[in-house]
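Below is one structure, written out as structure tokens, with a few remarks after it.
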Number of protein chains: 2
Amino acid sequence: MPKRGETKRAGIIEVAELAGVSRQTVTRAMNDMPGISAQTKRRVLEAAEQLRYRPSRFGRELVQQSARSLGLIVSDLANPYFSELASEFAKIAAANQWALVIIEKHPGPDTGWEQLRTLVGQVDAAIAYTDLAPHDIDRIFGSLPLVLLDAAERTLNALSPSRPRSAVNIDLAPGLAAVLDHLVGSGRSRIALVDIRYPTDESVRRETFARLVRDRGREPVVIEVEAGDDDLLVGRRAVQIAFDAPHPPDAIIAFNDMSAFGVLKELRVRDLAVPEACAVVGIDGLKIGVFVEPELTTLRLDFAAFAQLAFDEVVNMCATAPGAPQPPIRRHVSHELVVRQSG
Amino acid sequence: MPKRGETKRAGIIEVAELAGVSRQTVTRAMNDMPGISAQTKRRVLEAAEQLRYRPSRFGRELVQQSARSLGLIVSDLANPYFSELASEFAKIAAANQWALVIIEKHPGPDTGWEQLRTLVGQVDAAIAYTDLAPHDIDRIFGSLPLVLLDAAERTLNALSPSRPRSAVNIDLAPGLAAVLDHLVGSGRSRIALVDIRYPTDESVRRETFARLVRDRGREPVVIEVEAGDDDLLVGRRAVQIAFDAPHPPDAIIAFNDMSAFGVLKELRVRDLAVPEACAVVGIDGLKIGVFVEPELTTLRLDFAAFAQLAFDEVVNMCATAPGAPQPPIRRHVSHELVVRQSG
DNA sequence: TTGTAGGCGTTATCAT
DNA sequence: ATGATAACGCCTACAA
């Protein structure tokens, strides 16, 4: 029964009738299969064209048991961090004949909960970069294979153990150590970290940073900034806080590249030369880091490798028999220091 | 017959048997439908959980005739222009319960032709921002409803008229007129347009620009640059060309924001003050336009409106009966001038 | 080269 | 409240 107003689309049967052949012959023609004469094939394709026939995904996928649709949940695709990552997933997914379904889940308590469930229902596995609570994760994804990206330890530990859940996390310590060596080596003494306060936060960054700085005989400075919609403003705010205080830093490691751009901007507004008066280092290695002046020194994440790890794990989970145990896999990636002009 | 190594996923029948009920009762429990006792429902859900049961999309969609999967083809999702656009599509699609499938088709003759067909087969309609030849469009999309974004007139005219094809194009003239009024009004006399040469190009930009400039009693300057992988370099190259020539411009309208960033950068390298020595105006209105120094004056495109037009047209095409005529719809969007610091 | 039969997993309809 | 039956549209296997 066609829905209101819509006429039913032509099916394989109509095409078969119009072409005067069997359904099977239509299948052969449409899918470039052998065992059909050129003439019959042409007649069938003409009939299909005339009826605007297109094989139904549903019927086809049902019988072929395809299951190659990957959901990627990010908070905001307009954020270059997520779009660069999504771009890598697009390449990897395409190379493996998976469709990549992008789902935006903007931060906030219960924004579009039902919507999310609907979208997730269209997908055979998912990769999520989000700060959803463990409880919500279980409710939304059910027993769908899911790989979490850069999730808080606390979240991971609270996940239902019977569900297929893995994770790829970012290990900040090695990169941070490399930056600190670089900054200390170039004579910086008051090194600050911009740390955005998130509700789900764990302060693990702060502690790692403080330890690493002390290891190098310097005193750590942590600039705490409230999370905002706009990381650019977060960066500017960080500079305001740090430079309105008694002992301003001579090096700033931003929370990420986006906030580093804000740091650069506010320093320029205050006529503080970068890197002479203050070095600035970002985290992520976004492509637009070379757009600004001076070009941003940063800890680059290998997005392609990051995405590949997650994708491999998804495929792995999908291939595991449902009865077999699904030990949650934990993988890690870390950064590489890219020294440019800002530090 | 399960594929190599993989065990068949639990189906509704297994769940029904384990719970000791009929398939229909399982359906009722899984979908929160009425007509089931709380106790039975709980028993069924437990059985489902135990078997890691998840209703098959294929079976479900087959019987429900869903057809709510939208493909978005872009050349490079890591390019902020496309990701900001894609982000709007994600919001619109989600609000209408469509899944958004992102497909990257990087420029180049026959890169992943078969791959593209496979992906397109997973989708019920598509929106494409690409410079594919009309011939390839017909072969790849067949009779799939398709909306082209900012396609060349030549391409549109060559499309097979029997296929459901519409288009939303960008009308540059109104925005360009606004910029020129602004630049002339602030005393600029040698106004240049950076024009990237693409293979499929039509030089329509150049002509519109030249006409509008002459209308205002100034002499147009067109800086032609070969297309490259990197719009930033294109912008820098444009400045090199223009300022190594006898009469450099005092205002540059870049091909897009990304190349405008390159223009800004090269001007800074040459110690030319912006906007004093040379005004710079971008096109697109990307969010990162406020990240650079000085902030970029630009012609902003309303991405949300652009996407909404395309989406509405897709829905419209899908709702049209296959027998009914499908007159190709052509819609247009234009820019709004956003004056910031660079011009 | 072509046709026939069967089943993929689900939901809708109708009967109990 | 629950169950039996019939599609949904397609492809694989086999028969002609």
Side-chain angles (χ1 to χ4, degrees), chain A residues 1-3 6-45 47-48 51-69 118 121-122 124 143 322, chain B residues 1-3 6-45 47-48 51-69 118 121-122 124 143 322:
Chain A
M1 182 175 59
K3 309 199 173 178
E6 304 177 20
T7 309
K8 204 169 84 51
R9 253 175 50 192
I12 196 173
I13 298 180
E14 283 92 325
V15 177
E17 283 172 356
L18 180 58
V21 297
S22 72
R23 295 176 298 176
Q24 179 51 26
T25 301
V26 176
T27 294
R28 282 191 271 254
M30 296 301 295
N31 300 2
D32 282 324
M33 294 167 67
I36 183 174
S37 72
Q39 177 174 356
T40 309
K41 184 166 179 176
R42 197 168 45 74
R43 206 169 66 241
V44 171
L45 291 180
L51 296 173
R52 278 215 188 73
Y53 168 70
R54 187 158 35 100
S56 150
R57 298 161 38 211
F58 312 129
R60 191 214 302 277
E61 288 173 324
L62 180 56
V63 66
Q64 290 185 339
Q65 302 282 334
S66 311
R68 281 170 165 351
S69 175
T118 306
Q122 303 222 32
D124 303 303
S143 52
Chain B
M1 182 175 58
K3 310 199 173 175
E6 304 176 20
T7 310
K8 202 170 85 49
R9 253 175 49 192
I12 197 172
I13 298 180
E14 283 92 323
V15 178
E17 282 172 355
L18 180 58
V21 296
S22 72
R23 294 177 296 178
Q24 183 52 29
T25 301
V26 176
T27 293
R28 283 191 270 255
M30 296 302 294
N31 299 3
D32 282 324
M33 294 166 68
I36 182 175
S37 73
Q39 178 173 356
T40 309
K41 184 167 179 174
R42 198 170 44 74
R43 208 170 64 241
V44 171
L45 291 179
L51 295 173
R52 279 213 188 74
Y53 168 70
R54 192 159 31 101
S56 150
R57 294 163 40 211
F58 312 129
R60 189 212 302 275
E61 289 172 323
L62 179 56
V63 68
Q64 290 186 338
Q65 303 279 332
S66 309
R68 281 171 166 353
S69 177
T118 305
Q122 303 222 30
D124 302 303
S143 51

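Proteins get letters first, then strands, A, B, ... in listed order; numbering begins at 1 in each.
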*On DNA chain D, nearest-nucleotide positions of B:G59 versus B:K41: which is more 5'?*
B:K41

*What residues form a side chain to side chain donor-acceptor pair (under 3.5 Å) with B:S37, not counting sequence neighbours?*
B:T40

Could you give the [atom1]-to-[atom2] distance, from [X] to [N], as a whole number of Å?
X	N	atom1	atom2	result
A:R60	D:dC11	CZ	C1'	9 Å
B:Q64	C:dT10	CD	C1'	8 Å
B:L62	C:dT11	CG	P	11 Å
B:R23	C:dT10	CZ	P	10 Å
B:I13	D:dA4	CD1	C1'	13 Å
A:R42	C:dT2	CZ	C1'	18 Å
B:R54	C:dG9	CZ	P	13 Å

*asked:* I need the full list of salt bridge (charged side-chain N to carboxylate O under 4.0 Å, His left out) pairs touching residues 16-30 of chain A, with sequence neighbours left out, sorted by first then second residue.
replied: none

*May I have all residue pairs that pass salt bridge (charged side-chain N to carboxylate O under 4.0 Å, His left out) and include part of residues 32-43 of chain B, sequence neighbours excluded?*
B:D32-B:K41, B:R42-B:E46

*asked:* B:S22: which residues meet the side-chain contact (heavy atoms from CB on, under 4.5 Å) condition with it, sequence neighbours left out?
replied: B:Q24, B:T25

*Mind listing the closest non-hydrogen atom pair of A:V44 and A:V15 along with its distance?*
O-CG1, 4.1 Å

*Does the side chain of B:Q65 get closer than 4.0 angstrom to OP1 or OP2 of C:dT11 through an N or O atom?*
no

*asked:* Tell me whether the side-chain N/O atoms of A:S56 come closer than 4.0 Å to OP1 or OP2 in D:dG9.
replied: no

*Does a side-chain heavy-atom distance below 4.5 Å link B:M30 with B:L45?*
yes

*asked:* How bent is the helix from C:dT1-D:dA16 to C:dT16-D:dA1, measuring the angle between the end axes built from five pairs each, rounded to 10°?
replied: 30°

_What residues from residues 24-40 of chain A pass a heavy-atom cutoff of under 4.0 Å to DNA chain D?_
A:Q24, A:T27, A:N31

Donor-acceptor contacts, no H, no angles, side chain residues 53-60 of chain B, under 3.5 Å, sequence neighbours left out:
unit_1, atom_1, unit_2, atom_2, d
B:S56, OG, B:F58, N, 3.1
B:S56, OG, B:G59, N, 3.1
B:R57, NE, A:Q122, O, 3.4
B:R57, NH1, A:D124, OD1, 2.9
B:R57, NH1, A:D124, OD2, 2.4

*Using a cut-off of 4.0 Å on non-hydrogen atoms, how would the nucleic acid contact of A:I12 be classed: base, sugar-phosphate, or nothing?*
sugar-phosphate

